[in-house]
Amino acid sequence: MIDIKQIIANPEAVRTALLKRLESVDFTELLQWESERKSLVVAMENKRNERNKGTAEISRMMKEKQDATTARETVKQIGKDIADLKNKHDDLATRIHDLLVNLPNIPEDIVPAGGKENNVVIETFGEKPGFDFKTKDHVDLATDLKLVDYARGTKMGGTRKWVYYGDGALLEWGLINYFINHHIKNGYAFMLPPHILNAESGYVAGQFPKFKEDVFHLDAEEDATHFLLPTSETAIANFYRDDVLREAELPKKIFSYTPCYRKEAGGYRTSERGTIRGNQFNKVEIFHLTTPEQSEVSFQEILATAKQLLRNLGLHFRVSRLAADDCSASMAKTYDLEVWIPSINDYKEVSSVSTAHTYQAIRGNIRYKDAATKKNKYVHTLNGSALATSRLFPAILEQFQQADGRVKVPEVLVPFLGKEYFE
RNA sequence: GGAGAGAUGCCGGAGUGGUUGAACGGGCUCGCCUGGAAAGCUAGUGUGCCCGAAAGGGUACCGGGGGUUCGAAUCCCUCUCUCUCCGCCA
């Protein structure tokens, strides 16, 4: 959530920045509500002060056995006045909150305005592999090499499900373990959170209220309180909810592994065959909690980590800076890492590295005590996939396929698979 | 699923309607003491919001929400969570 203080301090700057992702932004009403709300707070507190004094007076009179009937009547009326003021105040506060909570994050200066079409490719690694033989796509490769069973997956769970088995399961598990080992070596704390989260967690991470229909709810729709996490970011972002961290323990660096459960409602496309877009996929996620000063360094570190893993796998990929409206609502800046999939003739996202600035911290009340000023301040939260596997799998099969139908195992994964080729 | 108990500050733990933001103990910080430390002693030690240039003042907060009352940490309702016992169970 955007801090209303930031809007009050410089409404025009916030408005201009938000126009990069919204068609129109108007704070006139909001600012008016907020100033009304503040004067109601003053009025209410003055009344409460009166009541506190009156109450003390009644207490004194009672001790001295005086008649306090009149005083009681007076204070009773003050109580009613307070209740009236409180109703007006709460109504305004609700309206202000509703408006704020639906605003997306303020994009950083570097973020291009507009939607997807304005994304900027900033780096490309490796080259598109050239083949002098007739290539197969990932679905055929996975089927022929008996790595993934799509038909039995849908038999068990319906559309958008699949089964990794045999060497396919080993590849999937090898990727996950390779990433996990990498992060452990880099000093990250490993977290295995619950996959079932409550509504509050969805709100804090920013999935709710906007993206409620994209997740799997576990309760009857009318009292939906629990859902399956769509990314472990949702869980980690809530780990320190309502905490005050010491500045010395920042930046906190955490990673986790969970499946991600997403509805992905809508029609099927040829380009999304196989494991490209499913209801459940595996992801290793990195998360940082930092001071505002450390924030950009952390962003670069997460980005560098994701890039390093892809380079170590030997894949051709690119890095894009997303335009404002293509970033998730909670995020101020997002870079996507996209891997080349020859059969689709396009790049597919395998990692999204983002900074939420204080957007999630404000919702989750996650703060740190500033060592110099002794004041509690909101942390910055950053996250990045490192990495999601469901597009790596097809990319590996297709980019490393051989003329004889075999697929070469990336060197770093050989120890996990105990072989150099899928055959 | 059934029965009961509970949720208070950084921690432990008092407090069952009237100067209680909260006894007492521990921890931590500052200072004194010391060659240095320990012990001992002194003082201090929550957060949000509002007013104020500041000093400071006001207000709210004892799991969340609502109610009773002149007045609620204390009484009532409700929700969430924790613990104990029983049942069921991978």
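Residue numbers start from 1 in every chain, and the chains themselves are labelled A, B, ... in the order their sequence lines are given, proteins ahead of strands.
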**Message:** Please evaluate residues R37(A) and E34(A) with respect to the criterion salt bridge (Lys or Arg N to Asp or Glu O under 4.0 Å), reporting the C-alpha separation (whole Å), side-chain torsions for both, the decisive distance (0.1 Å), and the verdict.
**Reply:** CA-CA 5 Å; R37(A) 191 191 66 83; E34(A) 177 63 5; 3.0 Å; yes

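Distances shown here put every side-chain N or O of R48(A) at or beyond 4.0 Å from the OP1 or OP2 atom of G71(B). Within the 4.0 Å cut-off from OP1 or OP2 of U59(B), at least one side-chain nitrogen or oxygen of N49(A) is found. Note on K53(A): every side-chain N or O is 4.0 Å or more away from OP1 and OP2 of C70(B). Taking 4.0 angstrom as the limit, K86(A) places none of its side-chain polar atoms (N or O) nearer than this to OP1 or OP2 of A60(B). Taking side-chain N and O atoms only, N52(A) has a distance below 4.0 Å to OP1 or OP2 of U59(B).
Taking the six-membered ring for Trp and the full ring otherwise, F190(A) and F255(A) have centroids separated by under 6.0 Å.
Between the C1' atoms of U8(B) and A23(B), the separation comes to 12 Å (whole Å). A14(B) and A55(B) are spaced 39 Å apart, taking the P atom of each and rounding to whole Å. G63(B) and U47(B): their C1' atoms are spaced 16 Å apart (whole Å). Between the P atoms of A7(B) and G15(B), the separation comes to 11 Å (whole Å). Comparing U80(B) with C89(B), their P atoms are spaced 26 Å from each other, to the whole Å. When the P atom is used for both U68(B) and G57(B), the distance is 34 Å, rounded to whole Å.
Between R15(A) and E12(A), at least one side-chain N (NZ, or NE/NH1/NH2) sits under 4.0 Å from a carboxylate O, which counts as a salt bridge. Ionic pairing of K146(A) and D167(A) is not present here: no N-O contact between side-chain nitrogen and carboxylate oxygen is shorter than 4.0 angstrom.
Atom pair M61(A):CE and G71(B):C1' shows a separation of 15 Å (rounding to whole Å applied). Straight-line distance from the CZ atom of R60(A) to the C1' atom of C70(B): 14 Å, rounded to whole Å. Atom pair M44(A):CE and C61(B):P shows a separation of 12 Å (rounding to whole Å applied). Atom CD1 in I82(A) sits roughly 13 Å away from atom P in G67(B) (whole-Å rounding). Regarding R37(A), its CZ atom lies at a distance of 14 Å from the C1' atom of C51(B), rounded to whole Å. Atom-to-atom, CD1 of I58(A) to C1' of U69(B) comes out at 10 Å; the value is rounded to the nearest Å.
Nearest to the side chain of R367(A), among G18(B), G48(B), C51(B), sits G48(B). Between G46(B), C70(B), C50(B), one nucleotide has an atom nearer to the side chain of K38(A) than all others, and that is C50(B). Distance from the side chain of V41(A) is smallest to C49(B) among C70(B), U59(B), C49(B). Closest to the M62(A) side chain, of the nucleotides G18(B), G48(B), G58(B), is G18(B).
A 3.5 Å limit on both hydrogen-bonding distances identifies G46(B) as the Watson-Crick or G-U partner of C61(B). When Watson-Crick and G-U wobble pairs are counted only if both distances are under 3.5 Å, C89(B) pairs with no nucleotide at all.
Among E108(A), M331(A), K333(A), the single residue meeting the side chain to side chain contact (heavy atoms under 4.5 Å, CB included) criterion with H357(A) is E108(A).
Nucleic acid contact for N46(A): none, since no nucleic acid atom lies under 4.0 Å from a heavy atom of the residue.
A side-chain N or O of Y335(A) and one of R321(A) form a donor-acceptor pair less than 3.5 Å apart.
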